[in-house]
There are 2 protein chains.
Amino acid sequence: MRSPASDIGPEANPDVDPVEEVLHRLRERGGRITTSRRILLRCLFEKGPHRTAEELAAEVQSVAPDVHLSTIYRNLDELERLGVIVHAHLGHGPATYHLATETHGHLVCEMCGGEMEAPEGFFRDLTAAAQREYGFVIDPRHFAMLGRCAACAEAVEATS
Amino acid sequence: MRSPASDIGPEANPDVDPVEEVLHRLRERGGRITTSRRILLRCLFEKGPHRTAEELAAEVQSVAPDVHLSTIYRNLDELERLGVIVHAHLGHGPATYHLATETHGHLVCEMCGGEMEAPEGFFRDLTAAAQREYGFVIDPRHFAMLGRCAACAEAVEATS
DNA sequence: GTCGATGCAAACGTTTTGCACACTG
DNA sequence: CAGTGTGCAAAACGTTTGCATCGAC
């Protein structure tokens with residue numbers, strides 16, 4: 001029987017701060033542990049919604065005002081190469097970044113700009129069909145599905 | 001019984017040049033018929049693959065060298081508002097434009113950049129599920145599905 | 001002659017890059 | 001001390017806009 005503390009899940013071990021774990025992996029690759037990287041990683045692990053590079057920069061800068069937007073971009077690239085985060089394109093604006101462990105897709109309304117998350121399983125049949133028919137391996141996290149949300153679709157029907 | 005000439009399909013009537021038909025619709029809306037519009041429309045109706053604004057500009061300029069890229073953008077916007085064309089985002093680069101009558105989706109390989117077309121029916125189940133579960137009306141033409149094409153997916157597996 | 005369309009240049013928003021300096025290990 | 005990361009400025013990229021002029025009707 002395992003200790004009671006470890007029963008709350010594999011990621012809940014208080015001894016392994018995920019931020020520090022990633023920093024260590026960075027160092028093993030020959031990278032350096034810097035303050036901006038630590039702060040950026042905390043932002044990425046802490047909060048909920050997907051954020052753009054600019055939004056992340058603002059959050060980081062509220063703690064360390066001198067961190068430059070280009071540093072954010074460079075570190076986001078690095079973290080993506082490491083497989084810690086991924087970016088997704090939701091509509092026409094800037095890309096958004098989130099943890100690679102979040103495996104949902106996105107539905108984005110092209111009228112109101114609203115975003116919904118769609119669970120991974122939502123795309124299972126489509127990805128299976130693409131695999132089967134074309135050998136194509138779809139990554140349902142990277143793209144947003146554009147269209148009209150329920151409210152906007154209703155509004156359009158009311159007009160016509 | 002209809003005349004033999006009309007039997008080859010509703011769009012095949014040689015008396016109605018689709019370019020001129022669109023130009024007329026533009027004029028009915030208060031727009032003007034200009035040379036750049038006519039040439040751009042010919043390009044859009046003539047050739048096969050999806051093209052970016054820059055590629056279309058190059059084609060137009062091979063006939064009328066003074067047509068500016070901004071004119072192309074403005075006319076593409078106008079034609080999209082008219083419902084004649086649509087644009088789609090295939091990966092990270094510039095948008096591509098094609099006739100609204102082409103109703104397929106796109107599979108884009110994020111490794112080699114290759115593009116495949118996926119028939120409209122390919123997305124039927126997904127769009128139906130989105131509609132049913134979320135009331136969300138997906139437009140499967142506007143977005144590309146990113147992933148790995150058969151060749152690149154194989155190459156990745158060979159590495160691992 | 002009216003008003004919409006165009007050419008040009010300049011701005012835009014997002015992201016990348018070149019360089020000198022600062023800091024980590 | 002070596003070499004990576006950073007701040008800054010500037011460029012790159014695709015796209016949009018302001019403005020004077022041109023051209024369709």
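Reminder, nothing fancy here: chain letters follow the sequence lines and each chain counts from 1. For clarity, every value in this text was computed on a predicted model and none was experimentally measured.
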Would Arg74(B) and Glu78(B) pass as an ion pair if we require N to O under 4.0 Å?
-> no
OP1 or OP2 of dT15(C) less than 4.0 angstrom from a side-chain nitrogen or oxygen of Ser70(A), does that happen here?
-> no
When the distance from CG of Asp77(B) to C1' of dA5(C) is rounded to whole Å, what number comes out?
-> 14 Å
With a 4.0 Å cut-off, would you call Glu120(A) and Arg124(A) a salt bridge?
-> no
Report yes or no: is there a donor-acceptor pair, N or O only, under 3.5 Å between the side chain of Arg29(A) and the base of dG5(D)?
-> no
Minimum side-chain heavy-atom gap Glu102(B)-Leu99(B) below 4.5 Å | yes
Separation of dT16(D) P from His87(B) NE2 (nearest whole Å) | 9 Å
Separation of atom CG in Leu82(A) from atom C1' in dT4(D), rounded to whole Å | 15 Å
Nearest whole angstrom, please: distance from the C1' of dC22(D) to the CG of Asp66(B).
-> 12 Å
Which sits closer to the 5' end of DNA chain D, Ile33(B) or Ile33(A), going by the nucleotide each is nearest to?
-> Ile33(A)
Contact under 4.0 Å: Tyr73(A) side-chain N or O vs dT15(C) OP1/OP2 = yes
Using heavy atoms to find the nearest nucleotide of DNA chain C for Arg74(A) and Ser36(B) separately, return the residue whose nucleotide is more 5′.
-> Ser36(B)
Starting at CD of Gln61(A) and ending at C1' of dT6(D), how long is that distance when rounded to a whole Å?
-> 13 Å
Would you tell me whether His87(A) and His98(A) have side-chain atoms, one donor and one acceptor, within less than 3.5 Å of each other?
-> no
Please report, rounded to the nearest Å, how far the P atom of dG18(C) is from the NE2 atom of His68(A).
-> 16 Å
Are His142(B) and His89(B) close enough that their ring centers fall under 6.0 Å?
-> yes
OP1 or OP2 of dT6(D) less than 4.0 angstrom from a side-chain nitrogen or oxygen of Thr34(A), does that happen here?
-> yes
Whole angstrom value for the distance that separates C1' of dT15(D) from CD of Glu78(B) | 17 Å
Spell out yes or no: do the side chain of Arg37(B) and the base of dG23(D) have one donor N/O and one acceptor N/O closer than 3.5 Å?
-> no
Assign Gly93(B) to base, sugar-phosphate, or nothing according to its heavy-atom contacts below 4.0 angstrom with the strands shown.
-> nothing
Rounded interatomic separation in angstrom, taking CZ from Arg32(A) and C1' from dT24(C) | 5 Å
Can you find a side chain N or O atom of Arg27(B) that sits less than 4.0 Å from OP1 or OP2 on dC25(D)?
-> yes
